[in-house]
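Presented below is the structure to which this report refers.
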Amino acid sequence: MSLFKPDYYVRNFENINMDRLKRRGIKLLLCDIDNTLVAFNDPDSNEKVKRFIKKARANGIEIALCSNARPARAKRFAHDLGVEKVYYLSFKPWPRNITKAMKHFRVSRNQTALLGDQLLTDMLGGHLAGIYTILTAPIIEKDKFDTQINRFFEGFIYRRFKKKNILTKGDFDD
Ligand SMILES: [Mg+2]
């Protein structure tokens with residue numbers, strides 16, 4: 001169960017406390033796209049996301065995108081956002097692209113974090129790679145079809161978390 005448990009749980013990316021990440025020594029933040037930075041059906045970024053990237057960089061934290069989305073979607077989004085490094089078709093929880101990103105940016109596991117909205121892909125993937133994990137509530141309730149299947153299983157995990165007093169859905173750290 002602990003493989004699905006986030007290290008940090010926020011309502012949205014704007015609420016992430018950069019000091020908290022800095023204190024942990026985070027230098028690279030890998031961001032999921034769909035329902036983490038924008039709604040899954042929104043092709044473009046927006047000012048909020050751009051401000052967030054700026055804020056992270058001002059705090060010495062580099063941003064890269066790590067998404068399970070297709071190349072066209074991920075590349076368009078990254079370009080619009082001004083993020084150079086984008087990993088698409090990542091097949092999270094498979095940690096390969098997370099490891100690749102750490103190599104590219106020459107950072108250790110202790111210096112890397114992953115931000116995402118799903119327990120089965122993002123949190124598990126982050127833990128399998130041995131990095132810090134940040135869970136956000138999804139931007140919108142609606143999901144892509146494959147995500148809907150994940151959400152079904154995610155429901156069991158959230159119920160178990162609550163029962164064991166590990167984490168309550170919607171009870172954010174910040
Ligand atoms: Mg997502």
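Model, not experiment: these values are computed from the prediction. Remember, it's 1-based here, ligands and their atoms both numbered in the order they're listed.
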Quick one: which residue pairs count as a salt bridge (Lys or Arg N to Asp or Glu O under 4.0 Å) with a foot in residues 107-129, not counting sequence neighbours? K92-D122, D117-R151

Once salt bridge (Lys or Arg N to Asp or Glu O under 4.0 Å) is applied, what residue pairs with a partner in residues 125-137 remain, sequence neighbours excluded? none

State which residues pass ring-ring contact (aromatic ring centres under 6.0 Å, His included) with Y9; sequence neighbours excluded, sorted by chain then number. F172

Does a salt bridge link D34 with R73, judged by any charged N lying under 4.0 Å from a carboxylate O? yes

Taking the six-membered ring of Y8 as reference, does the NZ or CZ atom of R20 fall below 6.0 Å from its centre and within a 45° cone about the axis? yes

Measuring from the Mg ion (ligand 1), count protein N/O/S atoms under 2.8 Å, please. 3

Side chain to side chain, N150 and E154, heavy atoms closer than 4.5 Å: no

